[in-house]
Structures are given as C-alpha cells and as structure tokens.
Q: 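Quick one: the structure is below, and I'll ask about it shortly.
One-based numbering, in listed order, for ligands and for the atoms of each. In this text, all values refer to a predicted model and were calculated from it rather than measured experimentally. Heads up: numbering here begins at 1 and tracks the sequence.
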Amino acid sequence: MEIVVFVKQVPDTTEVKIDPQTNTLIRQGVPSIVNPFDKNAVEAALQLKEKHGGKVTVVSMGPPQAKDALKECIAMGADEALLVSDRAFGGADTLATSYTLAAAAKKLGKVDMIICGKQAIDGDTAQVGPEIAEHLGMPQVTYVAKIDVNGETVRVEREHEEGYEIIEVNMPVLLTVVKSINEPRYPTVKGTMKANRKEIPVWTVNDIEVDAEKIGLKGSPTQVRKIFTPKQRVQGEVIQAETAREAVAALIQKLSDAKIV
Ligand SMILES: Cc1cc2nc3c(=O)[nH]c(=O)nc-3n(C[C@H](O)[C@H](O)[C@H](O)COP(=O)(O)OP(=O)(O)OC[C@H]3O[C@@H](n4cnc5c(N)ncnc54)[C@H](O)[C@@H]3O)c2cc1C
C-alpha cells in the first residue's frame, strides 16, 4: 500500500500561557511539536504497512524548521518525507493549504490512502483533510477510530457522540483520525539515527503544479483581521449558607437570575 500522511508542525499549545499584565500570549520558549493527531495518523499508517506491506510517506507544508517534525516521523518508522516550503505558500488559510498539499499529493503519484489528523491544535479548524479529498476528487471519512483493509476495500469505524458508524469505502481514500485510534509509538534509537541521515527533499512553488492565484495569502478567501486573547475568567463565587438546602436554593436563584436555568 502507498500511504501518504500529512503532518503539521505546531506550537505545543498546552505550553502557551497568557500574560495577565499585557493580555497577550507568551510564546517564548514554546516548543514546536508534531501535531498530536498527526502522530496517531502516522501510527495508523505504520500499522497498515506492517500488516499489508508498502510505503509510508510523510508530507508537511511549513517553514524550513518543519523538517524536524518530519524527522520525528521518520524516526517512528515512516519511509520517506517531503517538505513543501516556499514564502509564496505563507499566510495560507485552509483552502490554500489544502490546495497546495493536494498538488503535492498529485505529483507524488499513485496513492492508496491519505491519512490526516482530525485537526491541528493551533488552527483547530479540522478543515484541511476534507478539503484535500475534495481537491483530489477522493472519497473521505473523518473521525476514524479503526481501519481494516481487505483488498481494495477499507472498512472503518467512524466515531460519533453516541457510538460508531461502520463505513466501507474503496481505495484510494482519505481518512482523518481521532486520538482513540491508537497509541503512537516512540521513535527508536535506530529510527532516530536513520532520521538524522535522511535527506528530506523540499518542493517549492516551482516544483508543483499550482496556480499562483490559489496559494498563500493571495489564494486565501479568509483573512484573519484581528487576534486577541480572551478575557481572564472572573473568579467564581462560593455560596455561604447555614444548611445545604439554603445553599442550593441560593444557587438556583442565582442561576435563574442569570437565565441559565
Ligand atoms: C501567517 C498565517 C496567516 C494565516 N492566515 C489565515 C487566514 O487568514 N485565515 C485562516 O482561516 N487561517 C489562517 N491561517 C491558519 C492556517 O490556515 C492554518 O494553520 C492551516 O490552513 C491549517 O489549518 P488548521 O491548522 O486548522 O488545520 P486542520 O484543518 O485542523 O488540520 C487537519 C489536518 O490536516 C493536516 N494539515 C493541516 N495543515 C497542514 C500542513 N501545513 N502541512 C501538512 N498537513 C497539514 C494535518 O494532518 C492535520 O491534522 C494562517 C496561518 C499563518 C501562519
């Protein structure tokens, strides 16, 4: 099986704090990591390769330092990596991002399965995967929690709030995966050595067939006009009362006054 996994390098948002004085994000010293859902995607691809043979290629669009994210995926066991990087791709929204990634996938040639994370923890839109599928005219299943391949058919479990949907689909197909699908493996020492030696090709705007009007900031129908830090939540109130009954009555009154109940 030829599997392509799209991985994004993101700031570790669990490490981003808000400066209460300036109300801005403290990004200094925040490490860049492989988007956690994308590690699940790589793990799913590696498991399929181990069972059915084939090759796993990881692809990222981003600045030169995104190579580190790709190296981590090689250290996990991916066979090939590709960085799509050019100033012309900068400022892309999800449409321009998915258009560029789809163009890279087209140039890679035959692919049986594309796997993406459900969403990136920085942009948090969960749009890129489905948009890539649309650009490639490929069927897609999102929120995938289990993948079984039988010949040309893929049987997946799609996670729901109330259970699972079982979907059968023919390859080539694009899947986006949720956390519960697996526990991503750690890179091995041998894998890390391989990753350090690996030459990662970089494709610029001249290497893929794209319309200059559809990439980067120019090709983005949405524009971020303003970014601001949400206000700190006001401190909660502890209701003091003689008895639990009185405290509950006071709480219900407050909730009712605030039109919450
Ligand atoms: C300077 C700048 C300006 C921006 N301006 C805008 C703007 O004006 N409007 C706007 O909507 N957004 C803007 N963005 C955000 C940008 O659109 C998103 O970061 C990007 O499109 C991916 O969307 P997401 O993070 O929500 O990914 P999601 O859709 O949540 O990601 C889903 C999955 O898609 C794959 N994926 C996503 N991105 C990549 C990637 N780069 N490489 C490989 N795989 C990937 C991964 O598998 C990921 O798990 C801007 C970003 C920058 C840096």
Side-chain angles (χ1 to χ4, degrees), residues 3-13 16 25 27 30 32-45 56-73 76 78 80-108 111 113-136 138 140-144 173-179 181-182 184 200 202-205 208 210 214-227:
I3 309 174
V4 170
V5 183
F6 284 115
V7 300
K8 185 181 184 191
Q9 190 185 46
V10 294
D12 188 350
T13 49
V16 178
L25 296 177
R27 304 190 66 148
V30 175
S32 288
I33 56 168
V34 177
N35 179 44
F37 290 100
D38 302 353
K39 281 197 180 172
N40 295 99
V42 172
E43 177 61 37
V56 175
T57 305
V58 284
V59 179
S60 189
M61 183 180 99
Q65 65 263 30
K67 265 191 186 174
D68 293 343
L70 292 169
K71 287 202 171 185
E72 194 174 332
C73 300
M76 283 173 75
E80 298 296 334
L82 168 68
L83 179 66
V84 181
S85 190
D86 198 303
R87 284 206 172 274
F89 299 134
D93 71 359
T94 64
L95 189 67
T97 299
S98 58
Y99 171 72
T100 308
L101 292 175
K106 270 186 208 158
K107 187 171 173 187
L108 280 172
V111 56
M113 188 183 287
I114 295 178
I115 313 182
C116 293
K118 179 188 75 154
Q119 68 196 76
I121 60 167
D122 56 349
D124 252 343
T125 68
Q127 292 173 357
V128 171
E131 288 177 356
I132 294 171
E134 279 296 316
H135 287 302
L136 296 172
M138 208 181 257
Q140 56 171 287
V141 188
T142 52
Y143 294 86
V144 170
V173 63
L174 183 144
L175 309 175
T176 77
V177 299
V178 291
K179 280 214 128 348
I181 190 167
N182 54 38
I200 298 181
V202 180
W203 286 359
T204 67
V205 70
I208 50 177
V210 283
K214 292 185 177 172
I215 57 168
L217 201 54
K218 216 171 173 187
S220 299
T222 61
Q223 306 278 307
V224 176
R225 301 291 287 267
K226 188 177 170 194
I227 296 179

Q: Give every pair formed by an N or O atom of ligand 1 and a protein N or O atom closer than 3.5 Å, one pair per line with both atom names and the distance to 0.1 Å, or write none.
A:
{"residue": "ligand 1", "atom": "8 (O)", "partner": "T222", "partner atom": "O", "Å": "3.2"}
{"residue": "ligand 1", "atom": "8 (O)", "partner": "V224", "partner atom": "N", "Å": "2.8"}
{"residue": "ligand 1", "atom": "9 (N)", "partner": "T222", "partner atom": "OG1", "Å": "3.0"}
{"residue": "ligand 1", "atom": "11 (O)", "partner": "T222", "partner atom": "OG1", "Å": "3.0"}
{"residue": "ligand 1", "atom": "17 (O)", "partner": "A92", "partner atom": "O", "Å": "2.9"}
{"residue": "ligand 1", "atom": "17 (O)", "partner": "T94", "partner atom": "N", "Å": "3.4"}
{"residue": "ligand 1", "atom": "19 (O)", "partner": "K8", "partner atom": "NZ", "Å": "2.7"}
{"residue": "ligand 1", "atom": "21 (O)", "partner": "D93", "partner atom": "O", "Å": "3.4"}
{"residue": "ligand 1", "atom": "21 (O)", "partner": "T94", "partner atom": "N", "Å": "3.4"}
{"residue": "ligand 1", "atom": "21 (O)", "partner": "T97", "partner atom": "OG1", "Å": "2.9"}
{"residue": "ligand 1", "atom": "25 (O)", "partner": "K8", "partner atom": "NZ", "Å": "2.6"}
{"residue": "ligand 1", "atom": "25 (O)", "partner": "G123", "partner atom": "N", "Å": "3.4"}
{"residue": "ligand 1", "atom": "26 (O)", "partner": "D124", "partner atom": "N", "Å": "3.4"}
{"residue": "ligand 1", "atom": "26 (O)", "partner": "T125", "partner atom": "N", "Å": "3.0"}
{"residue": "ligand 1", "atom": "26 (O)", "partner": "T125", "partner atom": "OG1", "Å": "2.6"}
{"residue": "ligand 1", "atom": "29 (O)", "partner": "T125", "partner atom": "OG1", "Å": "3.1"}
{"residue": "ligand 1", "atom": "29 (O)", "partner": "A126", "partner atom": "N", "Å": "3.4"}
{"residue": "ligand 1", "atom": "29 (O)", "partner": "Q127", "partner atom": "N", "Å": "2.9"}
{"residue": "ligand 1", "atom": "29 (O)", "partner": "V128", "partner atom": "N", "Å": "2.8"}
{"residue": "ligand 1", "atom": "30 (O)", "partner": "A120", "partner atom": "N", "Å": "2.7"}
{"residue": "ligand 1", "atom": "30 (O)", "partner": "T125", "partner atom": "N", "Å": "3.4"}
{"residue": "ligand 1", "atom": "30 (O)", "partner": "A126", "partner atom": "N", "Å": "2.8"}
{"residue": "ligand 1", "atom": "31 (O)", "partner": "A120", "partner atom": "N", "Å": "3.4"}
{"residue": "ligand 1", "atom": "41 (N)", "partner": "M61", "partner atom": "O", "Å": "2.9"}
{"residue": "ligand 1", "atom": "42 (N)", "partner": "M61", "partner atom": "N", "Å": "3.0"}
{"residue": "ligand 1", "atom": "47 (O)", "partner": "F6", "partner atom": "O", "Å": "2.7"}
{"residue": "ligand 1", "atom": "47 (O)", "partner": "D38", "partner atom": "OD1", "Å": "3.2"}
{"residue": "ligand 1", "atom": "47 (O)", "partner": "G117", "partner atom": "N", "Å": "3.0"}
{"residue": "ligand 1", "atom": "49 (O)", "partner": "N35", "partner atom": "ND2", "Å": "3.2"}
{"residue": "ligand 1", "atom": "49 (O)", "partner": "D38", "partner atom": "OD1", "Å": "2.4"}
{"residue": "ligand 1", "atom": "49 (O)", "partner": "G117", "partner atom": "N", "Å": "3.2"}
{"residue": "ligand 1", "atom": "49 (O)", "partner": "G117", "partner atom": "O", "Å": "3.4"}

Q: What distance separates E80 CD from L108 CG, expressed to the nearest 0.5 Å?
A: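 Answer for the CD-CG pair, E80 versus L108, is 10.0 Å.
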Q: Quick check: do I3 and T57 have side-chain heavy atoms less than 4.5 Å from each other?
A: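 I3 does not reach T57 side chain to side chain.
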Q: When rounded to the nearest 0.5 angstrom, what distance separates CG in L82 from CG in L70?
A: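 That separation rounds to 8.0 Å.
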Q: Tell me whether the guanidinium CZ or amine NZ of K179 lies under 6.0 angstrom from the six-membered ring centre of F37 and within 45° of its axis.
A: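 Positive - K179 is close enough to the ring of F37 and near enough to its axis.
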Q: Could you check whether any side-chain heavy atom of L175 comes within less than 4.5 Å of a side-chain heavy atom of M113, counting everything from C-beta outward?
A: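 The answer is yes, as the side chains (C-beta and beyond) meet within the 4.5 Å cut-off.
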Q: Which is it for D124 and Q119 under the side-chain hydrogen bond (donor to acceptor under 3.5 Å, both in side chains) test, yes or no, and what are the steps along the way?
A: CA-CA 6 Å; D124 252 343; Q119 68 196 76; 2.5 Å; yes
